[in-house]
Amino acid sequence: MSLIGEKNFKMKMRDVETAFKYRRFPYPKRSVELIALLAISCTFFLFMHTNKLNSRLKEMEMKLQPSEFSALGLTGNNHLDGPKHDDINTLHGTYQYLKSTGQLASLNAYRLNNTRKAEIDVLFFNRAAKVGSEALLELFNVIEKYHDIYLEREGLHKTNKRQLKKWEQRKLAETISNLDEGSVYIEHVNWLDFDEFELPKPIYINMVRDPVERIISWYYYVRGSYKNAIEFNRNPDKPVQPESWYKKNFNDCVRNGDPECQYVPFTVKDFVGNFKRQSLFYCGHHDDCIPFNSPAAVQMAKEHVERDYAVVGSWEDTNITLNVFEKYIPRFFNGAKTLFEIHNDKITNRNKNKRKPKVDQDVKDLIKKNFTHEYDFYYFCKQRLYKQYLAANMKSLEAHGLLN
């Protein structure tokens, strides 16, 4: 090939290459719009699912990692799944866990006793609903006869309110702060922040109960003669419920999807009042405390228990609770265990519903799924109670071989 021919050939090849490099393929206008719409849809779809996945991962991370205010460095959620071996939420399970993690040696009753933080010698029992507060009230009636304490009964006659306004909180805090030393104030009311009003702190106490058992107890309590007699005396003109309502069975109420027995997480308004938020009594009066089964509300409740409450007991562990009351708040509970044993029938039978029908286990398991964070708080309080008990009685328990 001649030099000129070779040059012409290279020029033609370069022209072909350029044509391919900058080629343009015409598309109909509607096709372009369709492609753009699909691209936007895919981007939005990926964004939504990525955001949802990110939220889910954060939720899982929060459940798996130790809570800042967890009694044992556990959230307590692991009790819901799998068989129970040495349950961390029992006294022995707590002991074994503390022993295996090296925390047992560092248990200190003084550090676990918030009674020392109280600025006035007044007991504030902001009793949660359906935790056996009537039994503790009866115990106080007995103790009052033997010890130099005074049971202030004003709070016992107040109507329950889910939240107090700021001025109502201040008024109640001032009332409690002005009580004489040795006074016991009892009321169904949420945790109060005495620091906010620059008032001296009392000694906080309360009780907890299995969350599902609480709401079952409430369900039949409002249908019982004791509750209705009180309501009638307070408001005789209030309309009476139909007979079918009083005879409604809890098993059927749940299985039939009755609004009264639906416990939907994060709900703010309730179809009927049911006190399903046990943590609310410890969280306080902030709006963030209201959503049901809220992890944020539970974390605030834990913080208040850890920082302020001398003892949060449970009648499910009667002997442990009374022992801790005696050891950590002797001014008010000295001899409480002995007095409880002497007056057992009178104390335990107060306001006890003996006609509560049996609730099927599958019904309990069904609604339990909606109480995950409430159970987290409940087990947190139980673990803390066990730690207090172990710290105050370790030498005696080990000497008698009661923890092996």
Side-chain angles (χ1 to χ4, degrees), residues 113-145 147-208 230-231 233-235 273 275 277-290 297 300-301 303-313 325 328-333 336 350-351:
N113 191 359
N114 286 336
T115 304
R116 59 189 171 87
K117 298 179 182 178
E119 296 163 313
I120 51 175
D121 201 13
V122 173
L123 199 68
F124 176 32
F125 177 25
N126 66 311
R127 55 175 181 161
K130 304 313 297 175
V131 296
S133 61
E134 290 280 350
L136 189 53
L137 169 60
E138 190 60 47
L139 179 59
F140 277 124
N141 286 329
V142 173
I143 294 175
E144 187 180 26
K145 298 175 183 177
H147 295 309
D148 185 23
I149 69 171
Y150 169 69
L151 187 58
E152 169 58 57
R153 289 171 168 78
E154 177 189 350
L156 298 173
H157 306 295
K158 289 187 177 180
T159 304
N160 301 338
K161 297 182 70 173
R162 191 162 77 162
Q163 284 178 299
L164 296 183
K165 295 177 181 178
K166 190 66 69 175
W167 69 268
E168 292 175 309
Q169 296 174 47
R170 177 184 290 278
K171 183 179 179 182
L172 178 56
E174 289 175 345
T175 297
I176 296 171
S177 296
N178 290 326
L179 292 175
D180 294 333
E181 287 193 358
S183 296
V184 179
Y185 185 87
I186 304 175
E187 183 180 344
H188 283 303
V189 65
N190 300 349
W191 168 85
L192 286 176
D193 188 357
F194 287 79
D195 289 338
E196 181 181 6
F197 306 115
E198 298 181 345
L199 293 168
K201 279 186 178 182
I203 303 168
Y204 296 80
I205 67 165
N206 212 324
M207 305 284 279
V208 291
I230 295 174
E231 291 295 328
N233 289 331
R234 286 179 177 174
N235 190 0
F275 288 104
R277 301 165 179 82
Q278 181 166 225
S279 61
L280 180 60
F281 288 92
Y282 303 83
C283 182
H285 304 270
H286 195 280
D287 287 343
D288 289 344
C289 297
I290 295 299
M300 285 191 283
E303 179 181 359
H304 297 157
V305 168
E306 190 79 354
R307 188 186 69 202
D308 293 332
Y309 281 82
V311 178
V312 175
F325 273 139
Y328 288 77
I329 321 175
R331 168 71 172 80
F332 291 88
F333 287 98
R350 176 169 175 138
N351 194 23

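None of the values given here were measured: they were computed from a predicted structure.
- Here I176 contributes atom CD1 and L123 contributes atom CG; the two are 10.5 Å apart, rounded to the nearest 0.5 Å.
- Inter-residue side-chain proximity for L136 and M207 is flagged as met; some heavy-atom pair is nearer than 4.5 Å.
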**OP:** Start with the C-alpha gap between W191 and C283, add the side-chain angles, then the distance that decides, and say whether side-chain contact (heavy atoms from CB on, under 4.5 Å) holds.
**Re:** CA-CA 6 Å; W191 168 85; C283 182; over 6 Å; no

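- Ion pairing of E196 with K166 is present here, as a side-chain N (NZ or NE/NH1/NH2) and a carboxylate O approach within less than 4.0 Å.
- Here the side chain of E168 pairs a donor or acceptor atom with the backbone of K165 at under 3.5 angstrom.
- Other residues, nucleotides and ligands contribute more than 12 heavy atoms inside 6.0 Å of the NZ atom of K117.
- Counting heavy atoms from C-beta on, the side chains of Q278 and K130 never come closer than 4.5 Å.
- There is a side-chain donor-acceptor pair under 3.5 Å between N126 and Y309.
- E187 contributes no side-chain N or O that, together with a main-chain N or O of V189, makes up a donor-acceptor pair within less than 3.5 Å.
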**OP:** Take F325 and I205, measure what side-chain contact (heavy atoms from CB on, under 4.5 Å) needs, and give me the verdict at the end.
**Re:** CA-CA 9 Å; F325 273 139; I205 67 165; 4.1 Å; yes

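- Of all heavy-atom pairs between I203 and A118, the closest is CG1-CB, 3.5 Å.
- Note on E144 versus R153: salt bridge recorded, some NZ/NE/NH1/NH2 to OD/OE distance being below 4.0 Å.
- Partners of E119 by side chain to side chain contact (heavy atoms under 4.5 Å, CB included), not counting sequence neighbours, listed by chain and number: P200, K201.
- Of the possible polar contacts, none joining the H147 side chain to the I149 backbone as a donor-acceptor pair under 3.5 Å is found.
- Applying side-chain contact (heavy atoms from CB on, under 4.5 Å) to E152 and the options L179, V122, I186, V184 leaves one that passes, L179.
- Exactly one residue among L156, L151, L172 makes a side-chain contact (heavy atoms from CB on, under 4.5 Å) with Y185. That residue is L172.
- Between F275 and F281, the angle of the ring planes stays under 30°, which puts this pair in the parallel group of the 30/60° scheme.
- When atom types are taken as modelled, the side chain of Y204 and the backbone of L192 share a donor-acceptor pair closer than 3.5 angstrom.
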**OP:** Check step by step if side-chain contact (heavy atoms from CB on, under 4.5 Å) holds for E181 and I120.
**Re:** CA-CA 7 Å; E181 287 193 358; I120 51 175; over 6 Å; no

Original post:
Do R277 and R162 pass the side-chain contact (heavy atoms from CB on, under 4.5 Å) test, and can you show the C-alpha distance, the side-chain angles, and the key distance before you say yes or no?
Top reply: CA-CA 10 Å; R277 301 165 179 82; R162 191 162 77 162; 3.5 Å; yes

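- Here the CD1-CG distance, from I143 to L139, works out to 4.0 Å after rounding to the nearest 0.5 Å.
- Between atom CG of residue L164 and atom CD of residue Q169 there is a gap of 6.0 Å, rounded to the nearest 0.5 Å.
- Closest heavy-atom contact between A128 and S133: O-OG, 4.0 Å.
- Put simply, the side chain of N206 never gets that close to the backbone of Y282: no donor and acceptor are under 3.5 Å apart.
- Under a 3.5 Å cut-off, the side chain of N190 and the backbone N or O of G284 do form a donor-acceptor pair.
- Residues F332 and F125 keep their aromatic ring centres 6.0 Å or farther apart.
- Proximity of a side-chain donor or acceptor of T115 to a complementary backbone N or O of I329 within less than 3.5 Å is not detected.
- F194 CZ to R170 CZ: the interatomic distance, rounded to the nearest 0.5 Å, is 12.0 Å.
- Panel note: side chain H188, backbone N160; no donor-acceptor pair is recorded below 3.5 Å.
- Side-chain atoms of H285 and D193, non-hydrogen and from C-beta on, never get closer than 4.5 Å to each other.
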